[in-house]
Amino acid sequence: MKKLLALLIAMCMVASLAACGGSGSSGGDATEAAAETEAAGGDEAEAPAEGEEAEAEAPAEGGDNTVVIAVISGFSAMDPAYVYETTPTLMVNACYETLYKFDTGVDTPQPCLVDSCEFSEDGKDVTMKLKPEVKFASGNDMTSADVAFSLMRLKNIKGNPSFLMDNVESVEVVDDDTFIIHQTTADSSLLAKLTYGSCSIVDSAIVKENGGTDAEDASTADTARDYLDTTSAGSGMYIMTSYVPDEEMILEKNYNYWGEQTNVDKYIIRFEGDANTQMMGLKAGDVDIALNLNDDTMDELEGAENVTTENTPTKTISFIMMNEDPEIGGPVSNKLVQQAIRLAVDYEGMQNVCGRGAITPKSIFQVGFLGSAGELDVATARDLDKAKALLAEAGYPDGFDIDLPVSDLDMEGIPMLDIAQKVKEDLSEIGINVNIVQQNWSGGYGDAYRAGDLGFSVMYWGIDYNDPNVQLAFLPGESVGLRCRWQAEGYEPVIEKMNEIIQETDDTARGEKLLEIQDMIADDCPWIVVAQASSHIGYSNRLEGVAFTDVYRVDIRTINVK
Amino acid sequence: MDRLKFIVKRLAFMVVMLLGVATIVFFLTKLVPGDPVTANLSQRALNDPEIVEAYKIKYGLDKPVFMQYLLYIRNLLRLDLGTSIRTNKTIMWELGRCFPATAELAIFSIILAAVFGIFFGIISAMKRNSIIDQLVRAISVCGVSIPGFWFALLVLFFFYYKLQIMPGPGRLSTAFSSPEAVTGFFTIDALIEGDIPKFLDALKHLILPGFVLAAFTMGLITRTARSNLLDVLSTDYIRTAKAKGTPGRRMIMHHALGNALIPVLTVIGLGFGNLLGGMVLIETIFNWPGVGQFAYNSVKALDYPGVIGVSLLIALNYMIINTVVDILYGLIDPRVRTK
């Protein structure tokens with residue numbers, strides 16, 4: 001026994017020492033390993049035969065053209081019909097294509113799979129023609145039947161993103177290339193909705209083979225999710241060859257891609273939740289693109305020779321919400337108090353809390369959207385004397401005490417708690433004593449927030465699809481508006497204007513109507529947008545074409561190794 | 001024969017305990033003020049009763065809580081832990097994926113902790129009240145007191161980021177693909193593949209998280225080994241051995257250490273259980289795809305099947321470890337066997 005123990009101890013010490021001894025440079029070993037494989041494998045990766053998946057073995061031949069992306073996890077599905085969170089759109093955009101896409105730096109949807117598009121006079125029916133050369137990664141031709149299957153599967157599967165197809169009645173297949181989308185009413189945001197990853201066109205033959213269906217009972221009958229959560233069946237530039245939840249995903253080049261490809265052979269998507277870890281990986285050269293940095297880590301990267309950093313405004317906003325129901329909101333349901341709070345917030349300080357690149361929109365419609373009222377003049381927006389006068393007029397000359405429940409969530413790395421603390425600090429200057437109550441999102445806060453049971457809180461909102469119509473949800477009687485019990489009664493003109501906006505297919509006219517509706521709710525709005533967050537990304541200088549986009553985080557289709 | 005009876009008894013007890021743990025955790029998760037439907041569906045989806053209904057049916061949330069419990073226990077007896085609400089994969093699959101990563105790290109850590117802990121304990125006891133003793137005691141107090149998450153960030157910052165002599169988070173460098181899963185232990189699987197660079201890379205990735213995890217247990221082991229060895233060294237039979245002129249090292253290794261190791265074994269066993277159960281923060285910081293990270297993500301998403309599955313796994317670990325420790329007692333000390 002003692003001899004055995006001694007042997008075991010000796011072995012452990014030898015193993016530990018061997019590992020320590022060889023740890024001079026982990027990167028060095030990795031590079032050596034890559035070099036060895038490169039030497040053995042030749043220069044160029046051979047295209048697999050039609051329908052054959054690329055091998056997942058790393059390092060890939062031409063290992064220099066492998067790009068590592070670090071991104072937070074926290075999503076549940078890779079099947080496009082279920083994809084709803086922000087992160088998966090990065091990968092879905094690489095493996096699938098949609099009828100329209102947002103190109104980096106362009107505000108309007110651009111045709112991707114579509115050759116031509118024609119709206120009927122009433123705007124309800126949209127006839128589209130597919131590009132003839134499009135092939136799936138399997139080698140199958142893409143046809144209108146694939147489009148109809150994909151969109152109706154999304155609708156009938158009744159998952160989180162199925163609302164995108166709420167207004168779509170059916171998709172009629174005219175011939176192999178032509179199809180008509182029939183809508184209940186005209187929808188000015190249809191093309192923007194079609195850019196969303198959930199509207200990806202899937203290879204219907206493969207999906208059906210694996211249990212997929214677009215029938216009305218798809219919510220119970222479709223069993224293709226298991227398959228699509230681990231591999232892809234699209235026409236995108238890459239194929240998902242491996243996905244281990246919370247760990248990593250491998251995307252390899254689709255050699256059947258019908259369009260022009262970049263020179264990146266392989267992506268390794270690493271799920272790393274911590275900004276510090278992402279920053280260290282980027283600086284050490286283990287990571288090529290870090291997508292979830294924050295102000296502190298951006299400071300640390302400043303001046304780094306091999307890294308470029310970018311702060312780009314997103315369309316994610318944080319706001320103060322004040323419940324309209326006096327029984328729930330108490331004093332903050334009073335319109336004068338709401339105006340007082342609006343004047344008491346230090347928006348400039350709030351931008352500092354939200355990090356560099358943060359801006360403040362004038363209303364709930366973000367800067368960058370069609371019809372945005374632009375940025376708030378943060379230098380003049382605060383008026384404490386007027387705020388105090390309004391409080392006195394509302395019957396609270398000495399202010400009041402109020403609870404502010406706040407969740408454990410963060411907006412682009414900014415904890416909601418930080419924003420709540422700034423609100424507390426600002427409102428104390430007009431006599432409002434805020435008591436911050438921390439709650440877990442999944443431990444009750446989320447339920448109360450969505451049920452409209454929170455009196456006074458701070459939260460954030462990321463867009464569902466890249467179109468200003470998405471913000472109409474904040475209006476009275478709409479899903480988000482009801483979170484602060486903002487009822488439709490008494491706001492009939494606003495609702496009428498909203499319906500006009502939804503059905504207005506002319507963008508100039510829609511932009512004007514969006515500005516009008518913002519004027520209509522300016523004094524009554526129970527929301528105070530405190531900041532529009534900025535994204536903080538960093539990437540290796542060996543790459544080009546990296547830029548943040550709201551829709552895909554970064555558009556993998558534009559990235560090349562220099 | 002007695003030992004066989006003992007093991008069978010412990011195994012039967014284990015099944016009862018697991019059912020108890022499953023029951024307590026099941027009802028505790030139901031007491032959490034949150035609804036998995038609202039935690040996992042979007043607001044727009046929640047507005048559609050059909051979507052909500054389809055979701056509830058899919059995860060059995062449409063049934064009364066007691067019925068859910070009975071179904072859960074029935075499935076548990078069939079070794080079916082259900083499907084994760086968050087990942088849509090079976091919990092058995094998820095645990096099968098995560099457990100080897102955690103076990104590999106925990107075993108590496110406990111070996112580090114045991115080897116260095118016992119070694120430091122012996123040195124400290126032999127050089128009692130010397131500078132070395134004081135130093136070792138200071139180190140062991142630090143090991144026990146340093147918060148794990150802070151220590152993890154610190155070592156990552158210095159050894160990976162600043163000095164760049166250790167690999168960063170994860171189980172393997174990006175230049176290597178995961179070895180084909182045979183045991184799920186990357187080091188062993190890499191050796192089975194015959195890929196020595198990959199083996200060394202996997203081993204290097206174990207060092208920082210392993211060291212951080214080992215610090216607490218190592219401190220405990222050092223202190224326990226030292227105090228027990230000092231106790232044993234003051235017994236009559238050691239005094240007799242000294243009087244007979246037995247050399248110091250031989251006396252420690254052959255006469256004193258065996259007796260001093262019994263309580264240390266308990267500490268190692270408990271420490272190992274703690275390592276398996278307490279990895280949430282360390283795995284999150286080191287991006288280690290193990291049970292701790294899975295538990296953290298399951299709790300965040302109110303993934304009841306995931307939370308219960310992890311709880312059962314940790315409880316099972318504790319029970320197995322305790323049983324193994326009890327058996328090892330008998331192997332190390334014949335007096336325990338005869339009792």
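Every chain is numbered from 1 and lettered A, B, ... according to where its sequence line falls, protein lines coming before strand lines. This is a predicted model, so every value here is computed, not measured. Just so it is clear, the values below take in all heavy atoms, side chains as well, and ignore hydrogens, waters and symmetry mates.
In this structure a side-chain-to-backbone donor-acceptor pair under 3.5 Å is present from B:Arg97 to A:Pro245. A distance-only check finds a donor-acceptor pair linking the side chain of B:Asn287 to the backbone of A:Phe271 [under 3.5 Å].
With a 4.5 Å cut-off on non-hydrogen atoms, B:Ile285 touches chain A through its backbone but not through its side chain. At a 4.5 Å heavy-atom cutoff, the contact between B:Leu172 and chain A is made by backbone atoms alone. Heavy atoms of A:Glu300 lying under 4.5 Å from chain B belong to its backbone as well as its side chain. For a residue to count as touching a neighbouring chain, one of its non-hydrogen atoms must lie under 4.5 Å from one of that chain's; by this rule B:Val299 touches chain A with the backbone only.
When all heavy atoms of A:Arg270 and B:Pro169 are compared, the closest pair comes out as NH1-O, 3.6 Å. Here the closest non-hydrogen pair linking A:Ala284 and B:Gln164 is CA-NE2, 4.1 Å.
Residues forming a ring-ring contact (aromatic ring centres under 6.0 Å, His included) with A:Tyr267 (at least two apart in sequence, or on another chain): A:Tyr238. Evaluation of the ring-ring contact (aromatic ring centres under 6.0 Å, His included) rule for B:Phe158 yields no partner, not counting sequence neighbours.
Surrounding CZ of B:Phe211 are at most 12 heavy atoms belonging to other residues, nucleotides or ligands under 6.0 Å away.
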Check step by step if side-chain contact (heavy atoms from CB on, under 4.5 Å) holds for B:Val52 and A:Lys158.
-> CA-CA 9 Å; B:Val52 173; A:Lys158 301 192 194 311; over 6 Å; no
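Judged by distance alone, the side chains of B:Tyr161 and A:Asn276 never bring a donor and an acceptor atom under 3.5 Å apart.
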